[in-house]
Amino acid sequence: MKRLQVSSSKGLNLTSDKAKSALKDEATKSNTKKFSPFLSLESSIKDPKLQVFKNDRFVCIKDKYPKAKAHYLLIPHGDAFPKLIRVADLIKLNNCVDILNELKSLSDKIVEENFPCDVKSKAICGFHSIQSMQPLHMHIISKDFESDCLKNRKHWNSFNTKYFIRLDELIECLKKERDYFENDFFNLNNENVLKSYLDLPLKCNICNIVQKNMPSLKRHLLTHK
DNA sequence: GTTCTAGAAC
DNA sequence: GTTCTAGAAC
């Protein structure tokens, strides 16, 4: 047995770069298993300075790095839900449309009670199609995108391309599609497509004119005030 | 998710 | 020389 193992590892050493890269891939996989690729929102959720609403099913917090004048996160929370990380986790639940409708009515309340008057009518709600942080959270953000925390192309495109899955569109889609994953309307199963949205040109969300870089986009946005 | 910074772009 | 981006580290 021992001799067999020795000879097999010797075999690997002698083989091509392919084998080495396969080994490397295995190492990467096991690291991914050990360390969650998602950062945690838990400390923000518990932070009383950030929390604006809580009941037994949902919690709402101010985004720690707001990308607009108003920016909140609404999070399914508590024993009523299994562990939700990705949008796909939510879609797989039998009662997902009910949950999304709950998010919708709660978000109206959050906007009414927390958004400054000048942006109350300019709220958009939705999910990033690839999460960086867990648990699953829905963004409630004002369309002005006037914020020092909005710094780069990925920030902008994560809210202003198909990378951002609008709550209303998701609800409509799920009502129509008997099995969402047959058609995968939002490309949730195609990470490469989703990531490519983040590199798109910087198109103004009001007039669609493309700006060459972030500083010029930010200056341009102010002209729509 | 953010911060930092090398080097590309201007 | 300055501005801006993008990738590594966290």
Side-chain angles (χ1 to χ4, degrees), chain A residues 21 24-25 27-53 58-77 83-90 103 107 110 114 123-167 186-188 191-205 209-223:
Chain A
S21 106
K24 203 180 167 190
D25 285 349
T28 314
K29 264 187 208 165
S30 65
N31 278 340
T32 321
K33 269 179 198 165
K34 230 181 277 177
F35 306 107
S36 166
F38 302 101
L39 296 159
S40 178
L41 276 171
E42 284 304 332
S43 64
S44 296
I45 290 172
K46 286 175 192 152
D47 186 343
K49 289 195 290 293
L50 296 176
Q51 201 178 100
V52 295
F53 169 85
F58 300 93
V59 60
C60 181
I61 57 173
K62 284 183 182 177
D63 193 292
K64 205 172 171 183
Y65 298 92
K67 304 299 186 292
K69 278 185 184 171
H71 187 184
Y72 294 83
L73 305 178
L74 185 53
I75 304 160
H77 197 247
K83 191 177 171 80
L84 300 173
I85 297 178
R86 302 170 182 81
V87 179
D89 300 332
L90 180 63
L103 286 169
S107 65
I110 301 295
N114 297 278
I124 52 176
C125 297
F127 301 88
H128 283 153
S129 51
I130 299 175
Q131 270 69 41
S132 304
M133 309 201 71
Q134 58 94 5
L136 176 71
H137 49 282
M138 185 183 78
H139 294 269
I140 307 172
I141 187 167
S142 56
K143 282 179 193 165
D144 53 273
F145 292 98
E146 199 183 316
S147 164
D148 290 343
C149 296
L150 184 85
K151 292 177 177 175
N152 60 46
R153 183 180 301 268
K154 287 181 169 51
H155 287 158
W156 176 257
N157 282 336
S158 73
F159 290 103
N160 292 288
T161 65
K162 284 160 72 181
Y163 191 91
F164 191 68
I165 301 178
R166 299 277 189 124
L167 176 62
F186 296 106
N187 292 306
L188 292 177
E191 202 161 291
N192 287 336
V193 169
L194 296 175
K195 282 180 179 167
S196 72
Y197 296 143
L198 296 176
D199 297 323
L200 288 172
L202 299 166
K203 196 196 271 185
C204 172
N205 62 336
I209 291 176
V210 171
Q211 298 295 322
K212 66 172 180 179
N213 58 35
M214 278 308 284
S216 50
L217 174 66
K218 294 189 69 152
R219 282 192 297 273
H220 172 83
L221 290 175
L222 296 176
T223 68

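Side-chain atoms are counted along with the backbone in the values below, which use heavy atoms only and exclude waters and symmetry mates. We name chains A, B, ... by the order of the sequence lines, and we start the count at 1 in each one.
- One finds a salt bridge joining A:K154 and A:D199 here, because a Lys/Arg side-chain nitrogen approaches an Asp/Glu carboxylate oxygen to under 4.0 Å.
- Here the two rings, on A:F159 and A:H71, have centers that are under 6.0 Å apart.
- Between A:H139 and A:F127, the gap from one ring centroid to the other reaches at least 6.0 Å.
- Applying the side chain to side chain contact (heavy atoms under 4.5 Å, CB included) criterion to A:S216, with sequence neighbours excluded, gives A:Q211, A:K212, A:N213, A:R219.
- Counting only heavy atoms from C-beta outward, the side chains of A:M138 and A:L167 approach each other to under 4.5 Å.
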Base contacts versus sugar-phosphate-only contacts with protein, heavy atoms under 4.0 Å: please encode nucleotides 1-10 of chain B as B, S and - from 5' to 3'. BSS-------

